There are 2 protein chains.
Amino acid sequence: MTVWDRPEPPTRPVTLDRERIVAAAIALADEGGLEAVSLRKVAARLDAGPMRLYRYISTKEELFDLMVDEVQAEILSEEQPGDWREALRTLAHRTRQAALRHEWLADLLGGRPAMGPNGLVVAESTLAALDGLADIDTVLRAVETVSAYFIGAIRREIANLRAERATGLSKYDWQRAHGPHLTKMLATGRFPALAKAVHDGTDVDAETSFATGLDWVLDAVAARLARRPPATGAPR
Amino acid sequence: MTVWDRPEPPTRPVTLDRERIVAAAIALADEGGLEAVSLRKVAARLDAGPMRLYRYISTKEELFDLMVDEVQAEILSEEQPGDWREALRTLAHRTRQAALRHEWLADLLGGRPAMGPNGLVVAESTLAALDGLADIDTVLRAVETVSAYFIGAIRREIANLRAERATGLSKYDWQRAHGPHLTKMLATGRFPALAKAVHDGTDVDAETSFATGLDWVLDAVAARLARRPPATGAPR
DNA sequence: CTCATGTCGATACACTGTATTGCTCTGATA
DNA sequence: TATCAGAGCAATACAGTGTATCGACATGAG
């Protein structure tokens, strides 16, 4: 057999790392939602066999965890926030923006404790912004309450957005958006309050609605923080 | 061929309806989580072929919608609530209890608009409890804010619960619960505020933590409702 | 008694996550 | 430099998924 007959040795497999894998997965999810992410497709996008991924990941759930952590990097704001309120507000808004960029995030948010490196940094900087303003338990409760709010709010917003997209593209028309079903139900007269809400409610855009609810919650937090004097320094 | 040789005619297929299907699906989900729900298994539990379900459901997602709506029936409280605050509070707590009974609910809550019959009744009675206490937009914002909070809070609670279950059963010990990873991370000194929180934070049980945050949010709502005089009767 | 209809089971398809298996290439050791 | 152990990988395989299609069959109408 001459050289000419022998094929070249197979080109070394593309070097892989978690970063590349996660990037591919995120790209897939951005395009087709979470359900478009399959290990096979992720691998294919990297010119690799599916099984190769298992050296970097031991389960698909772990891939999702990595994806979430990756996006949490987008959430971190570089500049130091002014006060705690600003810190929590931008955390909420940046999370929301991330979810609008990556709608699949809404499906994952709050679904598992986020203990990745970026998740920890987010937690740390959030807690740091409140540190010393009240006893730790109050601070914890504050952070948890605010984040519970915005996770729930983001989820709903994305859910509605998808529902709207699914039924025609009637952007601001709930009634038609959810099809004849809701209309028919309201017509039965069994849901007067709901009917009034749908009928007379002003259509505010999602962002202001989000911001409004957030402000309410932040007010509530402020009230509790104010209750105790800040534990500055060593008051002992 | 005598009668004795001929087999009996096949017993008529078990009568089916959505109720039975949903009940079977819920049973499966209660036992093994959402991922244990497959159309084949649901059908098998009803002595039916998988394809039969498609007369009652046209997609698996619809089955999930039905499951959620079914559980929402458990949420409705029979007696009329005293005031709006009580109404919202019991809505939140009953939703939480339902999610503790059916943990898979946490995965579905807020994932899609709940327009089923029971969902509508829940929405109606909630709105009714606030009707007239403020202009409709404020009422809507109030309901949305509170429900965003408790959906997020429930999700986190269930997520933590699962994580705890997965790693040993160290009920109240976050640090060990999440394994050496968190401990090691905290030991790096890069997360002082987080470390302090984990270290010095009191371990409150999930229910009081839920209730506390809920109260804060309800306070915030109260503040906004008080801002405008109630539009009772026809003040025109 | 015949025929149309609607329901069901069987089969099939494309695809999933992951366990297993054996090849091949690499780097260390003798 | 020759040998060998081990790692990294592709291929194969498996059990399972949601759902489309299709042929048979029981049922009710004429």
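Below, chains carry the letters A, B, ... as their sequence lines are ordered, and counting in each starts from 1. Computed from a predicted model, the values in this text were never measured in an experiment.
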Fill in the blank from the handout: To the nearest angstrom, the OH-P distance between B:Y54 and D:dT17 comes to 12 Å
Handout entry: Distance below 4.0 Å between A:T59 side-chain N/O and C:dT18 OP1 or OP2
Key = yes
Exercise for the section: Return the set of residues passing side-chain hydrogen bond (donor to acceptor under 3.5 Å, both in side chains) with B:E103 (not counting sequence neighbours), or none when no residue passes. Expected result: B:R165
Fill in the blank from the handout: When rounded to whole Å, the CG to P distance for the pair B:D47 and C:dC8 reads 14 Å
Practice task
Could you tell me the separation between the CZ atom of B:R52 and the P atom of D:dA26, rounded to a whole number of Å?
Solution key: 15 Å
Exercise for the section: Using whole Å, report how far CZ of A:R55 lies from C1' of D:dC9. Expected result: 9 Å
Practice task
Could you check how far CG of A:L16 sits from P of D:dC9, rounded to whole Å?
Solution key: 8 Å
Handout entry: Summary of side-chain hydrogen bond (donor to acceptor under 3.5 Å, both in side chains) pairs that have at least one residue in residues 113-129 of chain A, sequence neighbours excluded
Key = A:D69-A:N118
Problem - Length of the line joining A:M51:CE and D:dA13:C1', which is rounded to integer Å - result: 10 Å
Exercise for the section: Using salt bridge (Lys or Arg N to Asp or Glu O under 4.0 Å) as the criterion, list what pairs up with A:R55, not counting sequence neighbours. Expected result: none
Problem - Test side-chain hydrogen bond (donor to acceptor under 3.5 Å, both in side chains) applied to A:T208 - qualifying residues, sequence neighbours left out - result: A:D205
Practice task
Write down the distance between OH (A:Y56) and C1' (C:dG17), rounded to a whole number of angstrom.
Solution key: 19 Å
Exercise for the section: With sequence neighbours excluded, tell me which residues meet side-chain hydrogen bond (donor to acceptor under 3.5 Å, both in side chains) with B:H102. Expected result: B:D30, B:E74
Practice task
Calculate the interatomic distance between B:L53 atom CG and D:dT19 atom P; express it in whole Å.
Solution key: 11 Å
Protein-nucleotides 14-16 of chain C N/O pairs closer than 3.5 Å?
from   : atom 1 : to    : atom 2 : distance (Å)
C:dT16 : OP1    : A:S38 : OG     : 3.0

Practice task
Step through it carefully: locate the ring centre of A:H93, locate the ring centre of A:F150, and say whether they are under 6.0 Å apart.
Solution key: no
